[in-house]
J.: 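Provided herewith is a single structure, encoded as structure tokens, for subsequent inquiry.
What you see below is based on every heavy atom in this structure, not just the backbone, and it leaves out hydrogens, waters and symmetry mates.
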Amino acid sequence: MPILASTCDDMPETIACQSVLDAMTAQIAVLDRNGIIIAANRAWFRSVAAKSGDQLFRIGTCYRDDWNREQSVFAVAASDAPAGIEAVLRGECDSFVQEYCRQTADGERWFRLEAMPLKQGGAVLSNTDITAQHAIEALTRLREQHQRLQNRVRRRRRLAHGPRQSLRLLIEQTTRLARANTELQQFTSIVSHELREPLRMVVSFLDLFRRHYGEQLNGRADEYITYAHDGAMRMQSLIDKLLAYARLDQHRPVMRPIDCNDALARAIGMLQVAIAESQAKITFDSMPVVLGDDVEIGLVFRNLISNAIKFCGDERPRIHISAQRRTNEWLFTVRDHGIGIPASDAERIFDMFVRGQSRRQYPGSGIGLAICRKVVVRHGGRIWVERPADGGSLFCFTLPALP
């Protein structure tokens with residue numbers, strides 16, 4: 001029996017699951033195999049049905065019939081989405097995701113439309129307001145502007161003893177740099193508070209609900225709660241890593257001679273739980289002394305080793321770290337024998353949010369390698385990945401050698 005056959009279903013497990021769905025901010029509707037809406041939460045009725053004239057997208061109606069009608073909230077901004085939703089309903093793909101922007105009473109807002117299949121047929125359709133995530137992306141753009149301004153200030157400093165015009169431009173650029181840095185710090189603080197706290201509350205209440213009412217729920221209710229919990233945890237992890245990435249510019253590295261043996265040892269020590277659970281075999285050569293920040297260099301080792309453990313495939317992880325002197329720099333390599341990286345992703349995996357593998361099979365945020373590149377570049381080095389002929393991956397990065 002469907003757990004949310006209608007809004008009048010008063011079975012205990014139905015009421016419990018409806019309460020969970022109604023507490024969520026995402027607009028959620030459940031479709032059967034034919035695309036008929038058989039259940040929905042309050043956010044769906046309030047933000048989709050009501051704003052579509054209060055006659056569309058109701059329980060018992062087919063979503064296809066209402067999608068592109070004039071009153072529909074999806075008609076203009078997401079008119080082509082039904083093709084992806086139908087592919088999920090027919091079992092042709094595991095999920096469908098589309099982001100779109102539309103005007104609301106509160107101004108322009110961004111939404112993520114997702115369709116995920118249910119084991120017994122049909123799909124869960126969710127429409128989530130992601131305006132806050134786009135604000136985080138604005139934070140990243142602000143950070144990049146900050147970096148460009150810093151570079152321009154350095155160039156202007158070389159002209160400080162030149163004509164009076166150069167001095168005036170230097171003062172202007174320094175003022176703009178200070179203003180951008182202040183805005184960046186304020187924005188980071190706002191994002192940290194406004195996004196992390198509500199997510200913590202959602203996760204906590206879902207855990208409490210499952211602990212107190214778990215025995216009263218059937219399989220579908222537990223599936224809904226799992227979807228909500230996993231989504232909130234992914235968003236929480238994403239925010240934490242985005243903030244760590246943004247704060248790299250606020251943290252001025254302490255450049256001094258460091259023993260990379262110590263940095264590598266600390267990185268391995270922090271991964272002991274993952275190493276023990278996966279029974280990973282990690283070997284390494286003697287590491288050199290370089291000029292850098294020991295915390296940030298350790299972060300690079302930790303992210304690369306963690307990825308090697310995560311993407312090991314079905315075999316026990318085997319990882320080797322080495323270092324080789326090349327003229328005026330050291331070449332570090334992290335070699336694994338895991339699933340490898342497609343050739344098409346060899347460059348783009350160091351960009352923000354880029355993932356080479358499915359999130360379901362290999363959870364993650366797609367930010368760890370972006371942090372590695374950020375650290376290596378600000379230390380004056382380069383980072384890339386190679387694809388050995390016998391499989392796996394070979395991550396390489398360079399750091400300047402001591403004089």
J.: Taking atom types as modelled, find out whether Asp285 and His320 have a side-chain donor-acceptor pair closer than 3.5 angstrom.
T.: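 Yes, His320 and Asp285 have a side-chain donor paired with an acceptor closer than 3.5 Å.
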J.: Do any N or O atoms from the side chain of Asp66 and from the backbone of Leu56 form a donor-acceptor pair under 3.5 angstrom?
T.: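 No, the answer is negative, given that no donor and acceptor are paired below the 3.5 Å cut-off.
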J.: Would you find a donor on one side and an acceptor on the other, under 3.5 Å apart, between the side chain of Arg109 and the backbone of Thr131?
T.: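 Side chain of Arg109 to backbone of Thr131, a donor-acceptor pair under 3.5 Å: no, none is there.
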J.: Taking all heavy atoms of Ala39 and all of Ile59, pick out the closest pair and write down the distance.
T.: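 Minimum heavy-atom contact is CA-CD1, 4.1 Å.
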J.: Using only atom types and a distance under 3.5 Å, with no angle test, would you say the side chain of Ser72 pairs donor to acceptor with the backbone of Asn68?
T.: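 Side chain of Ser72 to backbone of Asn68: no pair is present.
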J.: Do Asn261 side-chain atoms and Met287 backbone N/O form a donor-acceptor pair below 3.5 Å?
T.: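 Between the backbone of Met287 and the side chain of Asn261 there is a qualifying donor-acceptor contact (under 3.5 Å).
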J.: Within a radius of less than 6.0 Å around CZ of Arg64, do more than 12 heavy atoms belonging to other residues, nucleotides or ligands occur?
T.: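 Yes, because the 6.0 Å sphere around CZ of Arg64 holds more than 12 heavy atoms from other groups.
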J.: Could you check Val385, Ile282, Ile321 and say which one makes a side chain to side chain contact (heavy atoms under 4.5 Å, CB included) with Val334?
T.: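 Single side chain to side chain contact (heavy atoms under 4.5 Å, CB included) partner of Val334 among Val385, Ile282, Ile321: Ile321.
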J.: Take atom CD of Gln279 as the centre, draw a 6.0 Å sphere, and report whether it contains more than 12 heavy atoms from other residues, nucleotides or ligands.
T.: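 Counting neighbours around CD of Gln279, 12 or fewer heavy atoms of other residues, nucleotides or ligands fall under 6.0 Å, so no.
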J.: Assign the ring pair Phe111 / Tyr100 to parallel, tilted or perpendicular, where the plane angle (0 to 90°) is split at 30° and 60°.
T.: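 Parallel.
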J.: Take atom CZ of Arg325 as the centre, draw a 6.0 Å sphere, and report whether it contains more than 12 heavy atoms from other residues, nucleotides or ligands.
T.: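 Yes - once you tally the heavy atoms of other residues, nucleotides and ligands closer than 6.0 Å, there are more than 12.
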J.: Asn127 and side chain to side chain donor-acceptor pair (under 3.5 Å): which partner among Gln27, Glu114, Arg112?
T.: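 Output: one option passes, namely Gln27.
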J.: Taking Asp294 first and then Arg266, would you say they form a salt bridge - that is, a charged N and a carboxylate O separated by under 4.0 Å?
T.: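 Judged by the 4.0 Å cut-off on N to carboxylate O distance, Asp294 and Arg266 do form a salt bridge.
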J.: Is it the case that more than 12 heavy atoms not belonging to Gln120 sit under 6.0 Å from its CD atom?
T.: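 Count over threshold, so yes.
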J.: Closer than 3.5 angstrom, by distance alone: can the side chain of Asn34 be matched with the main-chain N or O of Ile36 as a donor-acceptor pair?
T.: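 Flag not set: sc Asn34 to bb Ile36 has no pair under 3.5 Å.
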J.: Is Arg348 salt-bridged to Asp351, cutoff N-O under 4.0 Å?
T.: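 Salt bridge between Arg348 and Asp351, a charged N being under 4.0 Å from a carboxylate O: no.
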J.: Any Lys/Arg nitrogen of Arg335 or Asp390 sitting under 4.0 Å from an Asp/Glu carboxylate oxygen of the other?
T.: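 Asp390 and Arg335: salt-bridged.
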